[in-house]
Amino acid sequence: MISSREAAEQHTPGVNRSEGSVPPRAGDAQAKRTALWRRLPWANLLLLLPATALLLVFLFGPILQAIRVATTNEALTGPHAVDYGFVGLSNFTKLLSDPDFLNALRVSGEYVGGSVAGISAVGLLLAYLLRRGVHPALVKMVSGVVIVAWVVPEIVAGFIWLAFGGNNGTLAMILGPMTGGGSDLLVSAPLVLVTVATIWATTAFSMLVFAAGLHGLPEEVLEAATVDGANLWQRIVRIELPMLKSTIATNLILVTLTVLTDFTLIYTLTAGGPGTETTTLPLYVFQEAISFTVLGYGTAAAVVLIAVAAIVSLLYVLVLRIEV
Amino acid sequence: MKVIATNDFGPTSEPRRRRGVSPGAAAQHVVLVALTLVFLVPMIWVLSAAIDARASFAVQWPHLTAANFTSLFTDGVVQRPLANSLELALGTTVLATLTGVMAAYALSRHRSWFTRGYLFIVLFATGLPVQLLMIPAYTLFIQLNVLDSVPATILFLSATSLPFAIWLLKNFIDHIPVELDEASQVDGAGAVARLRLIILPLAAPGIAVAAMFTFLNAWGQFVIPYILLQSPDKLPASVTIYGFLAAQGRVQYGLLAAFTLVFSLPVLVLYGVLSRFLTGAFNFGSGVKG
């Protein structure tokens, strides 16, 4: 990504020409910046106000709200709906001994691990296979199908997999000869089905990230490797993958964020069941807060999840050193 | 999370040293076709059920009919949800794009610790998934007494789309020469006039991209309206579809399949336009959305 400052500076040759007073040396970024400052006064920052108000109230408001509610025993119904008080960190300590929370942690771990691995592996494979020696029409068809699975609204993806993997669905029909037939995969292997559905619906993202990364590899290096007698495997493992390091990092972080907080697909497919077999953290938070109406406690779980996502998100900004 | 796709997989043909099909190339094609089938098969049911007079979850040779689509509209079940979806998505698109372009302009033209920190927070917020904020947002909405309010839901949807919109628009505006601003300033134009006369026309393609992304997200959004809206006559199509699904067994699957196809159509069309747009006018590479 081109640094925005570089871009701005590229476009400002002669910015000081009409200034006259203090002609700065060419390439003196500091001086250029000051000059820009004088021309575009602070008043312009008023333009930031509407967006800032929206972000403060509706994005950071809920985060503060979460921290506040998480330290109370507020409930949606019953005596604690109106008359609730500060309970400190007790909601958090209670979480750590709650078998349902610990179960949600484990389920989330398996779900996120399986999905991220599957999405990245299939995405990389597709990006690699589509790279060269394939007829453009085939490239269009393959990427088209994979991308459609990704751009349809999540609720539609949930519907598709409910029909495909559910009782008497096509998947049971296909797998029938192997499994003995008749079984409802949403009951016999719900977490596997939910993971596969997630991979189906998200692989396109990984594929596009990797395609962009592979596209940016310098052709000469790859040719040099071939000339030096590297075989295909050596070329991929020793040269291409190491050069894709930052692409792989971007992909892993963003896919983890998506999957970690995925709600709609699982909610549509299994609603966390059967039992708590597919109750990932987001579903646990939802059930505790809305369905079981213990708002304070459920929100404490939400705060934990927000903190995890915030750390991953911070990693994304810091590790990749994106220029702002 | 979305990627701005260019569908650019690099050079599609390379000079072949020998004639004929190598075993490697054959394997490559076999794996590609197999993977495509794996992705395609789950979609087949929806397509066939939508034109099947007697659809069930079992995929079968359809008893061809267009009745599912026609009765969808003559029954009058879907107009309201689709209109609600449109209202939410359009409202969000207008609000987020408008406030986003103003913020992006200020952030692009001012460089200081303040704007740098602001942008850092914006970028960080693009990675914060919205559905995490839903429970606290729900309690906030109760407190502000705006639960079940369409305008408040639009404000919330806009706030969740803003970080990415600001980031995208700022990158576009960065590429508009600053001299143009300065010239107009010398001519006496104020910030708003400058934005309207210089930036908006030049950033129009970028604004279109940001608007399309916002619309795509808002249209397909399920969790936010599901939690923040309650009256049946305010619910968008995504929540209505879920309602049908939850009432399993008593559902006419053919109708529901047709409904999901109609609901998905704008998304597919818009995405097609978007990816074409990005390969055409811009070499944007792969902007990544959170």
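The figures that follow rest on heavy atoms only: side chains count, while hydrogens, waters and symmetry mates do not. Letters A, B, ... are given to chains in the order of the sequence lines, protein chains preceding strands, and every chain is numbered from 1. The model shown is predicted, which means the values in this text are computed figures rather than measured ones.
Only the side chain of B:Ile227 comes within contact range of chain A, with heavy atoms under 4.5 Å apart. Both the backbone and the side chain of A:Tyr267 come within contact range of chain B, judged by heavy atoms closer than 4.5 Å. Contact annotation for B:Leu261: neither backbone nor side-chain heavy atoms come within less than 4.5 Å of a heavy atom of chain A. Interface residue B:Ile166: only side-chain heavy atoms are found under 4.5 Å from chain A. Both the backbone and the side chain of B:Val41 come within less than 4.5 Å of a heavy atom in chain A. Proximity to chain A is absent for every atom of B:Gln221, based on heavy atoms less than 4.5 angstrom apart. For B:Ala104, no part lies under 4.5 angstrom from a heavy atom of chain A. Using a 4.5 Å cut-off between heavy atoms, B:Phe124 contacts chain A through both its backbone and its side chain. Of the atoms belonging to B:Ile135, it is side-chain heavy atoms, and not backbone ones, that fall under 4.5 Å from chain A. For chain A, no part of B:Phe259 is nearby; none of its heavy atoms comes within less than 4.5 Å.
A:Thr264 and B:Tyr242 share no side-chain donor-acceptor pair at under 3.5 Å.
Between A:Phe159 and B:Trp45, the gap from one ring centroid to the other is short of 6.0 Å.
Counting heavy-atom pairs under 4.5 Å between each of B:Leu32, B:Leu268, B:Leu40, B:Leu133 and chain A puts B:Leu32 at the top.
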